[in-house]
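Read the structure below first, then the notes.
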Amino acid sequence: MISPSRLRTLNGKPVDSSKPYVLYWLQQAQRVGFNQALAHAIDRANELKKPLVVGFGLMDDYPEATERHYAFMLDGLRDLKSAIEKLGATFVVKHGVPKDVAVLLAKDAACVVTDRAYLRHLVGWREHVANAVSVRVEQVETELVVPLEVASTKSEIGARTLRPKIHRAWAEHLVPVEMPKLAVKSAPGAKGLQSDFDVSDPDAVLKKISCIREVKRSPVFTGGERAAQKHLDDFIASQIDDYAKGRNEPARGQSSTLSPYLQYGHISPIDMATRVVSAKRGAQADRDSFVEELIVRRELAHNFTSYNAKYDRFAGLPEWAQKSLRAHAMDKRQYVYTRDELATGQTHDSYWNAAQMEMVLTGFMHNYMRMYWGKKILEWTPDPEEAHATTLWLNNRFFLDGLNANSYGNVAWIYGQHDRPWGPERPIFGLIRYMNAAGLERKFDIQDYVVKVDDLSRELTGSGIRSNVLF
DNA sequence: ATCGGCTCGCGCAA
DNA sequence: TGCGCGAAGCCGAT
């Protein structure tokens, strides 16, 4: 039994016991481990003494998604297919918009279970399915440690207001997921449930899908539940020690690198948090620091997209921030770059170019550099509203962990969201927190970072990054 | 090296 | 109503 606080019935429709199977419409939690929606779907199937069908909709041209995103996701679907079949359920991948695939597969379902998502169009898909099908649709929270409304029912001003609410609730919710055994196994490829794609061959499927082709598969990240577990093992074995300090050192790369896996549901934050909390490595402060990032700040981003309808727009920023940025919209910009110059890392700033190239080459960027990177886009773009749009565009195009709640929260932070005003009032930034290259130089050996990215570039592409300072 | 000031608004004590 | 203080800031004074 899953926690009732994770379960929500999306419509008042009945269960139809005459139908042959229970459907788990899987979209968000692309894993078996620690998947509460799967556990709940198995419970339902067992109650009704029916087999379980797990259905996934694979659509062309998911908004802003590139070949890089699709390749990573398809790696995960390969893992998922074998894991689901091992449980004795049928895994069906249909070609189409997920909401339509769900409605199609629900025609023969006694009831539908799905996993919860936190972006406008994904919430809309679930509402559509709940209205369009004739049986009960239940949604299960699988993304967060503390379910959204348990933590807070309103838009939080910042981490400091959400933190105590999360802390009060997390012990109760930071519990392992017991996966029940499926009682009625189904024969693979049962009647009318053929997949449109054979996801055991990700690269073959990738060729058949329509998407933005300019951004290729990451040469350093393989998607899927198995790869995610390996990253977590490696992090606990060699990265927790001194994490509290080391996480902000760009050249050290002391990161779990699990954010892409969280984005595709290849790993559960509960799995990550319980493993790290009980790890016999690192100091208490190191483990606390990791859990703060994973739970408080990640869940703040989900609070932001859930309670702020304009989460992806300049108009969604706090009033003081919009006002201050607008007051400085006409200030002279010393440097102005086009999207293309930014995307290819051709600015005057070698630190920024290195960060951009880390992102372009790998699909990932060091956490601290993400802040500096975004602040400079604000500084080098003619208008703050355009800067916000450009930052989001680059973020979603190149990051493997783009296109999710954290993306919108992180980008909004650059422009003052979840932050406070900082004097003195400056050109362009107004009261928005300012960052500059002197800060990087003061705090870190930032040249080490530039050299590190340049070495990586040589290894991956045969040539180094452009830089006006070093090379 | 460390500290206060810069600035706004929430949460809590009073 | 007043007061403390905050997701990563910078800068100048000590």
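Lettering of chains follows the sequences in order, A, B, ..., and the numbering in each one begins at 1.
Aromatic pair A/His266/A/Phe72: ring centres closer than 6.0 Å. Between A/Phe221 and A/His231, a ring centre-to-centre spacing shorter than 6.0 Å is recorded. A centroid separation of less than 6.0 Å is found between the aromatic rings of A/His121 and A/Tyr62. Aromatic rings from A/Trp380 and A/His348 are positioned such that their centres are separated by under 6.0 Å.
The distance from atom CG of A/Leu431 to atom P of B/dG9 is 11 Å, rounded to the nearest whole Å. With rounding to whole Å, A/Glu292 atom CD is found 8 Å from C/dA7 atom P. Between the C1' atom of C/dC10 and the CG atom of A/Asp419 lies a distance of 13 Å, rounded to the nearest Å. Atom NE2 of A/His328 is separated from atom P of B/dT7 by 11 Å (rounded to the nearest Å). Going from atom CZ of A/Arg426 over to atom C1' of C/dG12 covers 12 Å, rounded to whole Å. Per the geometry, CZ belonging to A/Arg420 stands 13 Å off P belonging to C/dC10, to the nearest Å. The OH-P distance, from A/Tyr372 to C/dC10, rounds to 11 Å in whole Å. The nearest whole Å value for the distance from the CD1 atom in A/Ile157 to the P atom in B/dC12 is 14 Å.
Contact check, A/Lys323 against B/dT7: no side-chain N or O comes under 4.0 Å of OP1 or OP2. Listed pair A/Lys154 / B/dG11 meets the phosphate criterion, a side-chain N or O lying under 4.0 Å from OP1 or OP2. Contact check, A/Arg163 against C/dA7: a side-chain N or O comes under 4.0 Å of OP1 or OP2.
Using a 4.0 Å cut-off between a side-chain N of Lys or Arg and a carboxylate O of Asp or Glu, A/Arg247 and A/Glu293 qualify as a salt bridge.
B/dG4 and C/dG4: their P atoms are spaced 13 Å apart (whole Å). With both ends at atom P, the span from C/dC10 to B/dG9 equals 23 Å, rounded to whole Å. Taking atom C1' on both C/dG9 and C/dC5, the two are 16 Å apart, rounded to the nearest angstrom.
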For residues 422-431 of chain A, which side-chain N or O atoms pair as donor and acceptor with protein atoms under 3.5 Å away, sequence neighbours left out?
from: A/Trp422; atom 1: NE1; to: A/Arg420; atom 2: O; distance (Å): 3.4
from: A/Glu425; atom 1: OE2; to: A/His328; atom 2: NE2; distance (Å): 2.8

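In DNA chain B, the stems built from three or more successive Watson-Crick or G-U pairs (distances below 3.5 Å) are B:1-6 with C:9-14, B:8-13 with C:1-6.
Checking side-chain atoms of A/Asn308 against main-chain N and O of A/Gly316 turns up a donor-acceptor pair under 3.5 Å. For the pair A/Tyr335 (side chain) and A/Glu379 (backbone), a donor-acceptor distance under 3.5 Å is absent.
Nearer to the 5' terminus of DNA chain C, by closest-nucleotide assignment, is the contact made by A/Pro421 (compared with the other of A/Tyr368 and A/Pro421).
Which of B/dC8, B/dG11, C/dA7 sits closest to the side chain of A/His418 comes down to C/dA7. Listed candidates were B/dG11, C/dA7, C/dG9. Nearest to the side chain of A/Lys443 is C/dG9. Considering only the side chain of A/Ala159, C/dA7 comes nearest among B/dG9, C/dA7, B/dG11.
In this structure, A/Arg370 reaches neither bases nor backbone, as no heavy-atom distance under 4.0 Å exists between it and the strands shown. Backbone-only contact: A/Asn436 has heavy atoms under 4.0 Å from sugar-phosphate atoms and none from a base.
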